[in-house]
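One structure below.
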Amino acid sequence: MMRKENMVILKKSPIAQDTIEMVLENKYISNTAVPGQFLHLQLKGHMLRRPISISQVDEHAETVTILFKVVGSGTKELASYPIGNSIDVLGPSGNGFPLEPKANSTILIIGGGIGVPPLYYLARKLKEQQVNIVSVLGFQTKESVFYEEKFAELGRTIIVTNDGSYGRKGFVTNVLDDVSSIDCYYSCGPLPMLQAITAQMAGKHGYISLEERMGCGVGACFACVIPTDDCGGYKKICKDGPVFPAQEVQLV
Amino acid sequence: MMRKENMVILKKSPIAQDTIEMVLENKYISNTAVPGQFLHLQLKGHMLRRPISISQVDEHAETVTILFKVVGSGTKELASYPIGNSIDVLGPSGNGFPLEPKANSTILIIGGGIGVPPLYYLARKLKEQQVNIVSVLGFQTKESVFYEEKFAELGRTIIVTNDGSYGRKGFVTNVLDDVSSIDCYYSCGPLPMLQAITAQMAGKHGYISLEERMGCGVGACFACVIPTDDCGGYKKICKDGPVFPAQEVQLV
Amino acid sequence: MSLAIELPGLSLKNPIMPASGCFGFGREYSQFYDLNKLGAIVMKAATMEPRFGNPTPRVAETAAGMLNAIGLQNPGVSSIIENEVPFLASFSTPIIANIAGSTLEEYVEVAKAFNEAGDVTALELNISCPNVKEGGIQFGTDPKMAAKVTERVKKASNLPVYVKLSPNVSDIGTMAKAVELAGADGLSMINTLTGMQMHLSAKRPLLANKTGGLSGPAIKPVAIRMIYEVKKQVNIPIIGMGGVVNAEDALEFLLAGASAVAVGTANFQNPYVCIEIIEQLPKTLAAYGFNSVNDAIGKGICS
Amino acid sequence: MSLAIELPGLSLKNPIMPASGCFGFGREYSQFYDLNKLGAIVMKAATMEPRFGNPTPRVAETAAGMLNAIGLQNPGVSSIIENEVPFLASFSTPIIANIAGSTLEEYVEVAKAFNEAGDVTALELNISCPNVKEGGIQFGTDPKMAAKVTERVKKASNLPVYVKLSPNVSDIGTMAKAVELAGADGLSMINTLTGMQMHLSAKRPLLANKTGGLSGPAIKPVAIRMIYEVKKQVNIPIIGMGGVVNAEDALEFLLAGASAVAVGTANFQNPYVCIEIIEQLPKTLAAYGFNSVNDAIGKGICS
Ligand SMILES: Cc1cc2nc3c(=O)[nH]c(=O)nc-3n(C[C@H](O)[C@H](O)[C@H](O)COP(=O)(O)OP(=O)(O)OC[C@H]3O[C@@H](n4cnc5c(N)ncnc54)[C@H](O)[C@@H]3O)c2cc1C
Ligand SMILES: Cc1cc2nc3c(=O)[nH]c(=O)nc-3n(C[C@H](O)[C@H](O)[C@H](O)COP(=O)(O)OP(=O)(O)OC[C@H]3O[C@@H](n4cnc5c(N)ncnc54)[C@H](O)[C@@H]3O)c2cc1C
Ligand SMILES: Cc1cc2nc3c(=O)[nH]c(=O)nc-3n(C[C@H](O)[C@H](O)[C@H](O)COP(=O)(O)O)c2cc1C
Ligand SMILES: Cc1cc2nc3c(=O)[nH]c(=O)nc-3n(C[C@H](O)[C@H](O)[C@H](O)COP(=O)(O)O)c2cc1C
Ligand code: FES
Ligand code: FES
């Protein structure tokens with residue numbers, strides 16, 4: 001269950017272009033978070049909290065790692081916080097990735113840019129369950145690539161960059177055909193990528209993690225809804241998601 | 001002339017109840033400021049700058065000392081800044097106390113509470129000119145008294161507290177009769193105090209330093225005007241003041 | 001220190017309540033604290049039929065505020081009565097139903113439904129939602145229309161009616177007097193100011209709906225001014241809101257003439273904000289020399 | 001990258017100018033930089049006779065904004081023409097005179113005086129100052145009165161007239177169309193929103209005048225929304241303002257339909273703000289794919 005907690009910054013390191021890895025200490029959240037959940041961070045001078053995915057958890061060290069890209073005033077503020085700072089956080093928030101793979105099944109992980117972080121915690125948890133993991137990670141350019149080795153430790157890993165400056169050139173969807181038959185896929189990334197993937201993988205069992213601008217982050221304000229059908233059905237990304245079965249939501 | 005400068009916090013010490021002394025480094029301001037002028041400080045998260053008087057200057061060390069009382073969100077923010085922080089400041093602002101005393105004349109300094117700081121820089125400058133200084137400093141209570149020794153080094157110093165918990169009991173005006181004939185007085189403090197003093201000292205040559213809520217702090221917005229007569233005459237406290245000849249302004 | 005306050009049809013143990021639309025139907029925030037502690041609970045707006053609302057993005061952050069264009073998403077009054085009211089009725093806190101509509105008839109139908117259902121203590125007539133366009137009828141800016149909808153709703157139900165005024169008007173006093181005359185038991189003010197944010201990269205308004213309602217501390221000075229102005233012109237109590245974040249803000253609203261205070265956007269920053277204000281309020285009232293909430297109401301109004 | 005922009009009677013080298021009342025008559029800020037760099041200079045409001053204005057306190061800080069109730073303090077139009085205009089005329093920057101009045105006649109007289117004096121390039125008709133009460137005439141909220149004063153001032157002078165609209169209205173489009181029809185050459189918007197702050201200890205409004213005008217980033221969403229709305233309804237250019245602090249804000253105004261942008265409150269935080277925006281603007285325009293200021297105007301308006 002989500003709580004309002006203080007998390008102390010233990011480490012902070014640039015990990016790719018405009019991208020920062022931050023290790024936060026908190027007993028409750030590190031002991032309850034599951035892959036795919038997020039933190040909702042209160043940042044000084046900002047009216048709305050910022051959602052950032054949990055990208056790794058160390059229950060023993062009682063730490064949670066996040067990775068974020070500096071794209072606006074909130075992430076800039078967060079990046080400016082020194083080690084030792086305490087951050088007011090709601091978390092762990094939302095529902096994560098369902099983790100019921102059959103042993104020896106093959107799982108495809110498809111990440112795009114700053115959608116990659118939550119998939120790392122997922123991949124680690126999946127690995128514990130003896131499955132075969134293939135990761136396809138897409139980035140804009142060489143400077144924005146991160147966590148290649150970490151994913152490679154867990155299974156075959158293909159890096160794709162839009163401009164071909166690293167790994168294969170193109171989009172993640174260009175290489176999906178190269179991946180042999182899979183039992184399930186998990187994906188997180190920009191909306192156009194998810195649209196392309198869900199179209200290409202239609203019929204396959206899969207889960208996607210979505211983003212939307214949030215008000216409350218707890219399910220009370222209806223800011224973050226996504227339609228589930230054409231008849232007014234909907235889910236809230238902050239509370240019912242951010243992870244959904246690929247067939248369950250309409251990506252418009 | 002006023003400039004927009006960065007000042008770095010070199011020292012910060014609590015000096016009385018809710019009152020902080022801060023030493024700021026800046027070459028230009030420390031080399032141009034005269035007693036009675038103020039700094040206009042930009043504080044994070046605040047729309048309007050905060051005016052704080054200059055209470056001491058060390059031209060050689062290139063530092064300016066300010067003293068401020070934590071009374072609201074701006075002064076609280078300022079008090080939270082760590083040593084080494086840089087503050088965006090307009091200064092030195094306004095016109096200070098005129099300093100043309102005759103040698104051996106007797107000067108009366110009357111300060112009330114957080115109006116005391118600018119008088120200290122003034123007293124030091126006056127002392128250099130071989131005048132006889134008598135200081136009457138009023139505070140609310142024992143815990144709010146500061147700079148007694150510093151003033152005592154410059155001349156006879158009488159401390160008054162409202163509740164009598166330190167020095168004499170009452171208001172500064174209660175002890176003014178005890179002070180033998182003076183040639184000029186300088187005063188800074190809360191408005192009711194200045195009203196009482198200017199009434200009691202009517203006819204005496206004197207200067208008072210005034211406060212008003214400010215918009216621009218440079219003379220452009222007309223927020224801080226004070227009437228000089230009943231016919232629409234006025235002065236701007238930020239630009240023409242904050243120091244005025246006691247007879248020149250109307251304290252309403 | 002007494003925090004209790006009596007309003008027409010509403011006995012509040014304290015003057016603090018969440019504002020409509022910022023608290024859903026209470027379930028989410030009930031994870032954080034006991035809803036019995038609240039002065040009242042204001043539900044999200046109800047319409048006759050279920051509404052999906054506007055496309056996303058529906059919110060944007062602004063300086064000391066936010067824009068929202070939820071578009072009155074709600075499951076419809078019957079579903080609310082069936083699925084949401086019973087949960088809230090399990091607390092000892094008065095329930096205020098916020099009702100909206102595209103037509104006069106819709107307001108009346110929704111009011112009737114709540115009236116018949118029981119458990120709801122009062123109605124808040126949302127004539128000011130800036131995010132509905134149907135019908136083009138401006139209940140919120142035309143005093144005659146506002147009076148008409150008030151009158152019709154009053155007739156249709158026995159519940160006390162608080163009319164929620166829009167700040168997007170030239171003359172808030174005229175609006176307030178019109179609904180008072182039409183029988184309103186109280187006023188709620190202010191709703192959001194209509195605003196917009198441009199998305200520079202997309203070269204279009206950020207919100208899918210283009211415009212949205214501005215809320216949060218940014219609008220507090222407008223809220224205080226309007227309450228002050230209205231309080232001098234009407235004899236019915238005002239539930240004040242707009243940018244309240246702490247107990248000092250709540251006191252500011254009381255001084256300006258509000259008899260109770262709703263907290264909206266601040267819940268998103270701090271889910272505990274309502275109960276923190278309730279806890280702080282006695283100290284804050286005492287610090288400024290008041291013995292009760294009642295004591296402070298309208299005390300900042302000078303002639 | 002061309003920053004130049006042609007407005008009726010105004011050739012601006014760039015679209016950035018200080019907003020009226022936030023820059024005095026330019027002397028103070030001329031200590032900080034060369035006023036030749038500005039697109040235009042808008043003087044503080046002028047009335048026929050000298051005005052002392054309201055008692056102090058005249059300003060209050062609010063969340064991401066401020067309230068002011070200066071009360072149109074100014075030395076009167078003759079003194080401004082004699083003592084202030086010549087200083088500003090020494091720069092190669094167009095001078096816009098902001099004119100105010102308590103009566104129709106006063107507007108006309110002040111306009112005539114500036115017209116005859118020369119050196120002033122355009123008039124900005126401040127029909128929206130919320131801090132004057134004399135006469136009780138609401139030039140700023142009544143479209144008929146707004147049209148009348150525009151018409152009379154147009155007749156009385158040869159200078160282009162920009163009418164400065166008040167945001168404190170139910171329907172900004174109607175106001176804009178009324179003054180366009182009455183001959184306005186352009187619009188200036190928005191003036192301040194009427195607001196109030198309570199002083200808790202004093203138990204009264206903080207401003208001596210009780211109400212004041214809200215400005216600063218807090219009101220930007222309201223400004224953007226109104227400009228967007230008006231731009232779709234009129235064919236005269238808009239000088240936009242309200243909470244501009246940096247070049248991105250200025251671009252937001254251009255996208256919403258403004259042809260030039262005035263900066264008010266931000267000067268108090270940063271006396272260099274206008275020239276910093278002018279310096280940043282080419283980069284900002286380029287970053288979002290624009291080749292000139294002209295290129296960006298109204299580009300955020302979607303159907
Ligand atoms: C469930 C979830 C998980 C996320 N996980 C991560 C992550 O692990 N790492 C990471 O770098 N980013 C992540 N994001 C995106 C991240 O929330 C935004 O990049 C961030 O909010 C931008 O804030 P800003 O102030 O820097 O940008 P601004 O553009 O200044 O933000 C303005 C407003 O828009 C909102 N906003 C802007 N972009 C987004 C977005 N893409 N999604 C949601 N709201 C947005 C902000 O929250 C804020 O309210 C996640 C988003 C969601 C919804
Ligand atoms: C010329 C001058 C010199 C000053 N010198 C000192 C000094 O040396 N030490 C010191 O402690 N204080 C001094 N003050 C008072 C100081 O400016 C205020 O205490 C301070 O601005 C309060 O800010 P705040 O945010 O803490 O309070 P808040 O009440 O939150 O401030 C709200 C707004 O009101 C303004 N304000 C509040 N009180 C005053 C006041 N007394 N005068 C002017 N504006 C006010 C603030 O600047 C701000 O804009 C001086 C004031 C002036 C005008
Ligand atoms: C996300 C959101 C949804 C809202 N929905 C409603 C609503 O359904 N009905 C209503 O009367 N007001 C609604 N409001 C307005 C609030 O109840 C309140 O009047 C306004 O936000 C000002 O208060 P605040 O500044 O404390 O948020 C909504 C506000 C927000 C931010
Ligand atoms: C202190 C102050 C004085 C002002 N005086 C005038 C004035 O004399 N005439 C006028 O038309 N607008 C006046 N305004 C309004 C501004 O010109 C501008 O329209 C408004 O402040 C919004 O812009 P901003 O948010 O950038 O300040 C004044 C604003 C402030 C803050
Ligand atoms: S952000 Fe409020 S419901 Fe999801
Ligand atoms: S503060 Fe603007 S003129 Fe003094």
Side-chain angles (χ1 to χ4, degrees), chain C residues 60 62-67 138 140-142 166-172 175 193-205 210-212 214 216-229 243 245 248-249 251-256 284 287-290 296 299-302, chain D residues 60 62-67 138 140-142 166-172 175 193-205 210-212 214 216-229 243 245 248-249 251-256 284 287-290 296 299-302:
Chain C
T62 69
M66 68 175 280
L67 291 168
Q138 303 193 298
T141 52
D142 178 346
S166 164
N168 302 295
V169 295
S170 309
D171 183 357
I172 192 79
M175 292 299 298
L193 283 160
T194 309
M196 181 187 277
Q197 186 171 90
M198 276 288 155
H199 193 294
L200 298 187
S201 318
K203 299 183 181 52
R204 57 151 282 145
K210 296 177 207 156
T211 61
L214 182 63
I219 69 168
K220 196 181 71 171
V222 176
I224 295 289
R225 185 264 295 183
M226 290 191 163
I227 290 167
Y228 186 100
E229 217 172 277
V245 161
E248 273 80 21
D249 293 335
L251 178 54
E252 206 183 331
F253 276 80
L254 295 176
L255 291 180
T284 305
Y288 291 98
F290 297 105
K299 283 293 153 45
I301 299 179
C302 51
Chain D
T62 70
M66 67 175 282
L67 291 168
Q138 304 192 297
T141 53
D142 178 348
S166 164
N168 302 295
V169 296
S170 310
D171 182 357
I172 192 79
M175 293 297 301
L193 281 161
T194 309
M196 181 187 278
Q197 186 170 91
M198 276 287 155
H199 193 295
L200 299 187
S201 319
K203 300 184 180 52
R204 56 151 285 144
K210 296 176 207 157
T211 61
L214 182 64
I219 70 168
K220 196 181 73 172
V222 175
I224 295 289
R225 185 264 295 183
M226 290 190 163
I227 290 167
Y228 187 98
E229 218 172 275
V245 162
E248 273 82 20
D249 293 335
L251 177 54
E252 207 183 329
F253 276 81
L254 296 175
L255 291 179
T284 305
Y288 292 98
F290 297 105
K299 284 293 155 47
I301 299 179
C302 52

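Sequence lines set the chain letters: A, B, ... in the order given, protein chains first and strands last, and positions in each chain run from 1.
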Portion of [X] that has a non-hydrogen atom of chain C nearer than 4.5 angstrom:
X	result
D/Glu248	both
D/Leu214	side chain
D/Leu67	side chain
D/Thr62	side chain
D/Tyr228	side chain

Side-chain donor/acceptor of C/Thr211 to backbone N/O of C/Met196, under 3.5 Å:
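Side chain of C/Thr211 to backbone of C/Met196: no pair is present.
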So, the side chain of C/Lys220 versus the backbone of C/Val245: is there a donor-acceptor pair under 3.5 Å, distance only?
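Such a contact is absent between C/Lys220 side chain and C/Val245 backbone.
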Is there a side-chain contact between [X] and [Y] in this structure, where contact means two heavy atoms from C-beta onward sitting under 4.5 Å apart?
X	Y	result
C/Gln197	D/Glu252	yes
D/Met198	D/Pro205	yes
C/Thr141	D/Asp171	no
D/Thr194	C/Val222	no

Leading residue by heavy atom contact count with chain C [cutoff under 4.5 Å; candidates [options]]:
options	value
D/Ile172, D/Ile224, D/Val169	D/Val169
D/Lys299, D/Lys210, D/Met226	D/Lys210
D/Ser201, D/Pro167, D/Gly289	D/Ser201
D/Ala218, D/Ala223, D/Gly65, D/Ala287	D/Ala218
D/Gly195, D/Pro217, D/Pro221, D/Ala256	D/Pro221

Just do the side-chain contact (heavy atoms from CB on, under 4.5 Å) check on C/Phe290 and C/Leu251 with the steps written out, would you?
CA-CA 10 Å; C/Phe290 297 105; C/Leu251 178 54; 4.1 Å; yes
Inter-residue atom distance C/Ile227.CD1 - C/Leu254.CG, 0.5 Å rounding:
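These two atoms lie 9.5 Å from each other.
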Among C/Asp142, C/Leu255, C/Leu200, which has the most heavy-atom pairs under 4.5 Å with chain D?
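It is C/Leu200.
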